Amino acid sequence: MNAFNTLESINTVNMARWHELEQIMAHSMKNHYFKMVYQPLVSLTSGQLMGFESLVRCESPRYGIVGPDEFIPHVEQSGMILDLGDWILEQTLHDFSKMKKIGMEGITISLNISPVQIIEGDVFSKVMKLLRKHNVDPASIKVELTETALIHSPHKIAKTFEQFNKEGVKVWLDDFGTGYASLGLLRQFNIDGLKIDRSFINGIATNNEDFTLCSAIIAMAQRLGLETIAEGIEQREQLQILEQLGCDVAQGYLLGRPSSLENSTATWVK
Ligand code: C2E
Ligand code: MG
Ligand code: MG
Ligand code: MG
């Protein structure tokens with residue numbers, strides 16, 4: 001098989017899976033097979049729990065577990081992200097108000113937002129409405145948007161970030177370092193923090209280039225007055241390096257895996 005055929009057969013496999021996802025998603029929406037899990041974020045200045053990131057899961061008896069990295073692009077393309085995104089917001093804020101009630105008053109919650117929710121879904125108004133409904137302080141909310149999403153509709157996104165900013169909701173750029181956002185573009189957005197992509201953290205203790213990139217991102221963010229958050233920390237050595245570099249917030253399996261509301265609160269409420 002030559003390279004061209006290999007490429008073609010991969011595409012055929014991908015297309016088949018893409019069509020299958022259509023069924024899986026429709027089936028899962030209809031039967032409520034989505035759920036939310038929560039992963040802890042730890043402040044490196046205080047060493048204390050800062051809050052949680054909310055992450056969606058899909059598991060059905062018929063199709064098993066499908067990861068968000070696979071199904072989010074699909075629901076973004078089909079438009080289903082609008083309904084699913086509404087459900088994610090409602091469920092997350094409902095769970096967050098529960099966390100706060102059981103003695104976690106000072107914590108924050110990070111929400112992943114799709115650019116489709118900004119461009120077609122008026123996500124700002126929806127979030128604000130839910131904050132009022134659940135009596136949640138806007139200052140305890142972080143909105144995460146991937147760096148790659150910025151290029152889609154920069155004006156609309158910039159305006160939405162500004163609206164969040166005015167209300168005191170923080171905006172973090174997710175998977176930072178993997179997209180194409182130039183430093184010049186970054187200046188046009190009201191951003192509060194950069195989440196350094198897992199792929200750089202992965203090599204921070206072993207690969208000179210990853211270390212250099214991480215230290216440059218942190219130094220730049222500090223000069224620009226932005227918070228830095230490291231995701232995907234699995235080893236103690238990675239955490240120590242990030243602490244030395246002055247990174248603000250840490251997240252990863254080393255500190256805690258994403259888990260149900262019940263498990264998360266049981267682990268972190270002392
Ligand atoms: P993300 O927002 O960058 O989330 C971080 C991903 O890294 C999560 O994968 C998390 O489980 C995983 N992770 C965290 N710590 C570690 C670690 O130490 N090692 C490794 N190997 N992985 C770690 P997950 O939950 O599969 O989510 C993948 C992506 O799907 C997310 O990346 C986000 O872009 C998207 N996503 C997840 N939930 C939602 C959601 O509710 N809405 C939207 N729009 N996107 C979501
Ligand atoms: Mg995220
Ligand atoms: Mg990320
Ligand atoms: Mg990611």
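Everything quoted here is computed from the prediction, not taken from an experiment. Sequential numbering from 1 along the given sequence is applied to the chain's residues. Each ligand, and each atom within it, is numbered from 1 in the order the structure gives.
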**Message:** Give me the atom names and distance for the closest heavy-atom approach of Ala230 to Ile201.
**Reply:** CB-CD1, 3.7 Å
**Message:** Minimum distance, heavy atoms only, to atom 6 (C) of ligand 1: which one of Gln235, Glu144, Arg198 is it?
**Reply:** Arg198
Pair up each side-chain donor or acceptor in residues 57-64 with any protein partner under 3.5 Å, not counting sequence neighbours, and list the distances.
{"residue": "Ser60", "atom": "OG", "partner": "Tyr63", "partner atom": "N", "Å": "3.0"}

**Request:** Please find out if less than 6.0 Å separates the ring center of His27 from that of Tyr33.
**Result:** yes
**Request:** Please say whether Gln117 places an N or O atom under 3.5 Å from an N or O atom belonging to ligand 1.
**Result:** no
**Asked** What salt bridge (charged side-chain N to carboxylate O under 4.0 Å, His left out) pairs are there with at least one residue in residues 143-162, not counting sequence neighbours?
**Response** Glu144-Lys195, Glu162-Lys166
**Message:** Are more than 12 heavy atoms, taken from residues, nucleotides or ligands other than Ile65, located less than 6.0 Å from that residue's CD1 atom?
**Reply:** no
**Message:** Looking at Phe189, I'd like to know if its CZ atom is crowded, meaning that more than 12 non-hydrogen atoms belonging to other residues, nucleotides or ligands lie closer than 6.0 Å.
**Reply:** yes
**Message:** Can you check which of Glu70, Arg57, Glu76, Glu231 brings a heavy atom nearest to atom 5 (C) of ligand 1?
**Reply:** Glu231
**Request:** Answer with side chain, backbone, both or neither: which part of Ile88 has a heavy atom less than 4.0 angstrom from an atom of ligand 1?
**Result:** side chain
**Prompt:** At under 4.0 Å between heavy atoms, which part of Asp174 makes contact with ligand 1: side chain, backbone, both or neither?
**Reply:** side chain
**Prompt:** Shortest non-hydrogen contact from Leu21 to Phe71?
**Reply:** CD2-CB, 4.4 Å
**Prompt:** If the Mg ion (ligand 3) is the vertex, what is the angle to OD1 of Asp174 and OE2 of Glu231, rounded to 10 degrees?
**Reply:** 130°
**Fill in**
Restricting Glu53 to its N/O/S atoms, the closest one to the Mg ion (ligand 2) is OE2
**Message:** Regarding Lys133 and Glu90, does a basic nitrogen lie under 4.0 Å from an acidic carboxylate oxygen?
**Reply:** yes
**Prompt:** Should the ring pair Trp268 and Phe52 be called parallel, tilted or perpendicular, given that the plane angle runs from 0 to 90° and is split at 30 and 60?
**Reply:** perpendicular
**Short N/O/S contact of Glu144 with the Mg ion (ligand 2) (below 2.8 Å)** = yes
**Request:** Ignoring hydrogens and angles, state whether a donor on the side chain of Ser114 or Glu76 is under 3.5 Å from an acceptor on the partner side chain.
**Result:** yes
**Prompt:** Within a radius of less than 6.0 Å around CD of Glu237, do more than 12 heavy atoms belonging to other residues, nucleotides or ligands occur?
**Reply:** no
**Item:** Whether Asn112 has an N, O or S atom under 2.8 Å from the Mg ion (ligand 2)
**Value:** yes
**Prompt:** Got an N/O contact under 3.5 Å between Gln39 and ligand 1?
**Reply:** yes
**Request:** Under 4.0 Å, heavy atoms only, figure out whether ligand 1 is touched by the backbone of Glu53, its side chain, both or neither.
**Result:** side chain
**Request:** With heavy atoms of Pro258 as the reference, note each atom of ligand 1 found under 4.0 Å away.
**Result:** 11 (O)
**Prompt:** Counting each atom of ligand 1 from 1 as listed, which ones have a heavy atom of Ser114 under 4.0 Å away?
**Reply:** 44 (N)
**Prompt:** Would you say ligand 1 has an N or O under 3.5 Å from any N or O of Val56?
**Reply:** yes
**Prompt:** Charged N to carboxylate O under 4.0 angstrom, Glu53 versus Lys142?
**Reply:** no
**Complete:** Per-atom filter on ligand 1: closer than 4.0 angstrom to a heavy atom of Ile72 are 43 (C), 45 (N)
**Item:** the Mg ion (ligand 3) - closest N/O/S atom in Asp175
**Value:** OD1
**Request:** Please identify which atoms of ligand 1 are closer than 4.0 Å to at least one heavy atom of Pro68.
**Result:** 24 (P), 25 (O), 26 (O), 27 (O), 28 (C), 30 (O), 36 (N), 37 (C)
**Prompt:** Purely on distance, is any nitrogen or oxygen of Asp175 under 3.5 Å from one on ligand 1?
**Reply:** yes
**Prompt:** Are any of the N or O atoms of Glu234 closer than 3.5 Å to those of ligand 1?
**Reply:** yes
